[in-house]
Protein chains: 2
Amino acid sequence: MITISKENYLKSIYTLAKGNGNFVSLTELSKELNVTKSAVTEMSKKLYEQGCVKYVRYKGIKILPKGKKIALKVIRKHRLWELFLVETLNLSWDKVHLEAEKLEHFTSDFLIDTIDEYLKYPKLDPHGEPIPCKDGSYRYKINDIPMSECILGKTYKVTRVNDREEELVRYLSKIDIQLNREIKIIEKLKFDNSVIIEVNGVKHSLSSKLVDNIFLTKANG
Amino acid sequence: MITISKENYLKSIYTLAKGNGNFVSLTELSKELNVTKSAVTEMSKKLYEQGCVKYVRYKGIKILPKGKKIALKVIRKHRLWELFLVETLNLSWDKVHLEAEKLEHFTSDFLIDTIDEYLKYPKLDPHGEPIPCKDGSYRYKINDIPMSECILGKTYKVTRVNDREEELVRYLSKIDIQLNREIKIIEKLKFDNSVIIEVNGVKHSLSSKLVDNIFLTKANG
DNA sequence: TAATTAAGTTAAGTATGCTTAACTTGTTGC
DNA sequence: GCAACAAGTTAAGCATACTTAACTTAATTA
């Protein structure tokens, strides 16, 4: 039986491995899911028994095709819900993550396919994350870099933000950053890894944590 | 803590008491919720300890204001979801009940209020059931009778059907019965409590179980 | 009124998914 | 190589919400 808890574990394993299918450490997982390491060990064994993951004691956990399929299905539901709520109800992009986090587990395949069709098979969710297709493939390939890796003085376009950090998204709205907004990298401070950027002529200092969760693409021209 | 299971118990207690606040038998509840009587006994004690119900051993269970508030909130979420899915995604009225049954427990007050506003504070769901307001009151008072109590030869309008019976709703669609459709009571068979009706000039025999779940109002003229 | 039956209760047990506490394993720096 | 520490595991225990089986209470009816 794939429970809601298992869906969440698989989603986190897939996400933390960044789609590479790498091993994920159990400590990392426990932090992501806000549970103890022992809870993760226990669940790892169950997911292994169900053929969803490869689990090597003292090493970590790695997603397998069966688990990946489940993870992508949940991610698909999450991102389509986010976009649907923004599109139909005009919810702001900082409010949809938490709602989608719950709805994703209680939506039939039929309903999510209907939503997909209604939205005309969109490629990206409101935070710039690609939406998996019904068959588990992506309609869009990510091609951006975290702000921390950007080059000084250049101008970029914001193409993706981490929706799991509600406060981050809310703060970005506040300083008038949204998807496709052009920003310029003014300064990168080595000592705390913060970055100073310019948006619409206004300068802002972004902490290291913010900088790791904002993804950019080179602006055309 | 009000869990999903408790929400479902309270919803059923409220519904089975038909809003009168009467005692509900535990056997009735166990059938409604598809659990054993012992499970109901156990939960009754918990709901009593939380002040949601009055529970008298060997007698039954009766909803209290605290429990009623929770039940109405869940019912509100259920019915608004049903209507929202019909309105935005064009789902048919026989497909929305099961979806709403899950979504109702995972929808924030903020989200459901937004949906309520989007739908312009509707009075009725797709099956003709009144939708509770945010404050727990009803915008609409039911004023119909079950088909079993209708008078021979008269013409009525279908104003409400029991959405919990998916098959019933699907069958009604099949014989072209929808809300506000006019039907005429042709014959009532005593021996099995079935009723023969006429819809759009076509006669249909409806079993006792169907007849108990369809509610009618006298047609004007 | 006593027997029968339905309704309701209790006790013991199960699965899931957590926790804490004590432990083992693996890795890293000196 | 080994001490120190982080990572991971194990064991015992808990809460929720079920189950089955055996029981008690209440209502019905002959």
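Small disclaimer: the values here were computed from a predicted structure and weren't measured. In the text below, chain A, chain B and the rest are named by the order of the sequence lines, each starting its count at 1.
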**Student:** Please walk me through it: do A:L47 and A:Y55 pass side-chain contact (heavy atoms from CB on, under 4.5 Å)?
**Tutor:** CA-CA 8 Å; A:L47 291 172; A:Y55 165 55; over 6 Å; no

**Student:** Do side-chain atoms of A:K11 reach the backbone of A:V74 as a donor and acceptor pair under 3.5 angstrom?
**Tutor:**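 Side chain of A:K11 to backbone of A:V74: no pair is present.
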
**Student:** Output the rounded distance in Å from OH (A:Y55) to C1' (D:dT10).
**Tutor:**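 Going from OH in A:Y55 over to C1' in D:dT10 covers 10 Å.
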
**Student:** Within the 4.5 Å heavy-atom criterion, are B:L103 and A:L111 side-chain neighbours or not?
**Tutor:**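 Result yes, sub-4.5 Å side-chain heavy-atom pair found.
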
**Student:** Distance check needed: C:dT16 C1' versus A:L47 CG, whole Å only.
**Tutor:**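 Between C1' of C:dT16 and CG of A:L47: 13 Å.
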
**Student:** Please determine, for the side chain of A:K37, which listed nucleotide (D:dA7, C:dT9, C:dC18) has the closest atom?
**Tutor:**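 Side chain of A:K37 sits closest to D:dA7.
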
**Student:** Is there a donor in the side chain of A:T27 and an acceptor in the side chain of A:S25, or the other way round, less than 3.5 Å apart?
**Tutor:**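 On atom types as modelled, these side chains do not qualify, holding no pair under 3.5 Å.
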
**Student:** Kindly say if B:T36 contacts the phosphate of D:dT19, meaning a side-chain N or O under 4.0 Å from OP1 or OP2.
**Tutor:**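 Answer is yes, contact under 4.0 Å.
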
**Student:** Check the distance between D:dA26's P and B:F23's CZ and give it to me in whole angstrom.
**Tutor:**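 Distance, rounded to whole Å: 14 Å.
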
**Student:** Select one nucleotide: of D:dA17, D:dC18, C:dC18, the one nearest the side-chain heavy atoms of A:S5.
**Tutor:**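 Among D:dA17, D:dC18, C:dC18, the one nearest the side chain of A:S5 is C:dC18.
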
**Student:** Under 4.0 Å, counting only non-hydrogen atoms across every strand here, what does B:T41 touch: a base, just sugar-phosphate, or nothing?
**Tutor:**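 Touches a base.
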
**Student:** Starting at CE of B:M43 and ending at C1' of D:dT16, how long is that distance when rounded to a whole Å?
**Tutor:**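 Result: 8 Å.
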
**Student:** Under a 3.5 Å threshold, yes or no: a donor from one side chain and an acceptor from the other, between B:T88 and A:T88?
**Tutor:**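 No pair is found: no donor N or O on one side chain lies under 3.5 Å from an acceptor on the other.
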
**Student:** Of all the choices, D:dA17, C:dT10, C:dT19, which nucleotide is nearest to the side chain of A:S38 once you look at every atom?
**Tutor:**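 Taking heavy atoms from C-beta onward, the closest nucleotide is C:dT19.
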
**Student:** Among side-chain atoms of A:S38 and A:T36, is any donor-acceptor pair under 3.5 angstrom?
**Tutor:**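 Short answer, yes.
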
**Student:** Rounded to the nearest angstrom, tell me the gap between atom CD in B:Q50 and atom C1' in D:dA15.
**Tutor:**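 These atoms are roughly 13 Å apart.
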
**Student:** Could you tell me how far apart A:E42 (CD) and C:dT20 (C1') are, to the nearest whole angstrom?
**Tutor:**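 These atoms are roughly 13 Å apart.
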
**Student:** With heavy atoms under 4.0 Å as the rule, sort A:M1 into base, sugar-phosphate or nothing.
**Tutor:**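 The residue A:M1 makes no contact with any strand.
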
**Student:** On DNA chain D, compare the nucleotides closest to A:Y58 and B:Y9; which residue's is nearer the 5' end?
**Tutor:**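 It is A:Y58 whose nearest nucleotide is closer to the 5' end.
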
**Student:** Side chain of B:K6 only, please: which of D:dG8, C:dC18, D:dA17 is the nearest?
**Tutor:**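 When the side chain of B:K6 is considered, D:dA17 is the closest of D:dG8, C:dC18, D:dA17.
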
**Student:** Out of D:dG8, C:dA7, C:dG17, which nucleotide sits closest to the side chain of A:T3?
**Tutor:**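 Looking only at side-chain atoms, A:T3 lies closest to C:dG17.
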
**Student:** Between atom NZ in B:K45 and atom C1' in C:dT9, what is the gap in whole Å?
**Tutor:**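 After rounding, the reported distance stands at 7 Å.
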
**Student:** Ignoring hydrogens and angles, state whether a donor on the side chain of A:N8 or A:H105 is under 3.5 Å from an acceptor on the partner side chain.
**Tutor:**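 Distance-only check passes for A:N8 and A:H105.
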
**Student:** Between P on D:dT16 and CD on B:E49, what's the gap in Å once rounded to a whole number?
**Tutor:**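 Distance, rounded to whole Å: 10 Å.
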
**Student:** With the threshold set at under 4.0 Å for non-hydrogen atoms, list the residues of residues 26-34 of chain A touching DNA chain D in residue-number order.
**Tutor:**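 The stretch gives A:L26, A:T27 as the residues lying under 4.0 Å from the strand, ordered by number.
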
**Student:** Under the 3.5 angstrom rule, does the side chain of B:Y156 hit a backbone N or O of B:I151 as a donor-acceptor pair?
**Tutor:**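 Judged by distance alone, yes, a pair lies under 3.5 Å.
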
**Student:** To the side chain of A:R57, which of D:dT10, D:dA17, C:dA7 is closest?
**Tutor:**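 Nucleotide nearest to A:R57's side chain: D:dT10.
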
